[in-house]
Amino acid sequence: MAELIKGSFCSSKAGHDAGTIYIVVEDQGGIYVCDGRHRQLSNPKRKNPIHLQPINYRDEALMSRLEAGDIRDEDIKYSIKNYLIHIGKQDAVKKE
């Protein structure tokens, strides 16, 4: 079972952003997520963990950059794009 830890992928289950893929950027004092596009690192979204579905997928390069604090919005967008290609959702990538 996947957990909501820093660097993990998750999907929003509720709200106007339902179905959006996010990456957890902070897990201390709440879960803060961003997607690099609408929710950037400068303004992450605080989400209730009940409203998030963990995804069993990891990008080790992204996790190491996140831990080092050397991460940009482009890195997050690239990682989410690779995940969508990995699961076969190329049509979702083309829309963005």
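- Going from atom NZ of K81 over to atom NZ of K77 covers 10.5 Å, rounded to the nearest 0.5 Å.
- From N56, atom CG reaches atom CD of E3 across 10.5 Å, with rounding to the nearest 0.5 Å.
- A salt bridge links K47 with D17: the closest approach of a Lys/Arg side-chain nitrogen to an acidic carboxylate oxygen falls below 4.0 angstrom.
- In this structure, CD in Q40 is found 8.5 Å from CD in E74, a value given to the nearest 0.5 Å.
- Scanning all heavy atoms of the two residues, the minimum distance from C34 to R39 falls at CB-O, 3.0 Å.
- Checking side-chain atoms of S79 against main-chain N and O of I76 turns up no donor-acceptor pair under 3.5 Å.
- The distance from the CD atom of E26 to the CG atom of L66 is 8.5 Å, given to the nearest 0.5 Å.
- Within a 6.0 Å radius of OH in Y78, other residues, nucleotides and ligands contribute 12 heavy atoms or fewer.
- Ring-plane geometry between Y83 and F9 is classed as tilted, the angle between the planes lying from 30 to 60 degrees on a 0 to 90 degree scale.
- Each of C10, S8, S12 was scored for a side chain to side chain contact (heavy atoms under 4.5 Å, CB included) with V33, with one residue passing: C10.
- To the nearest 0.5 Å, the span separating OG1 on T20 from CZ on R37 amounts to 11.5 Å.
- Contact annotation: the side chain of S11 approaches that of I55 to within less than 4.5 Å [non-hydrogen atoms, C-beta and beyond].
- Both Y32 and I80 belong to a single network of hydrophobic side chains, linked directly or stepwise wherever heavy atoms of I, L, V, M, F, W or Y lie under 4.5 Å apart.
- Taking CG of D27 as the reference point, atom CD1 of I5 lies at 7.5 Å (rounded to 0.5 Å).
- Side chain of K13 to backbone of I50: a donor-acceptor contact under 3.5 angstrom is found.
- Residues I21 and D35 are not in side-chain contact: their nearest non-hydrogen atoms beyond the backbone lie 4.5 Å or more apart.
- L84 and L52 fall into different hydrophobic clusters, where Ile, Leu, Val, Met, Phe, Trp and Tyr are joined by side-chain heavy atoms under 4.5 Å apart, directly or via other members.
- In this structure, V24 is not a member of the same hydrophobic cluster as L41, with clusters built from ILVMFWY side-chain heavy atoms closer than 4.5 Å.
- Listed by first then second residue, pairs satisfying salt bridge (Lys or Arg N to Asp or Glu O under 4.0 Å) with a partner in residues 51-65 read R65-D70, R65-D75, not counting sequence neighbours.
- Cluster annotation: M63 and I23 are assigned to distinct hydrophobic clusters (Ile/Leu/Val/Met/Phe/Trp/Tyr, side-chain heavy-atom contacts under 4.5 Å, transitive).
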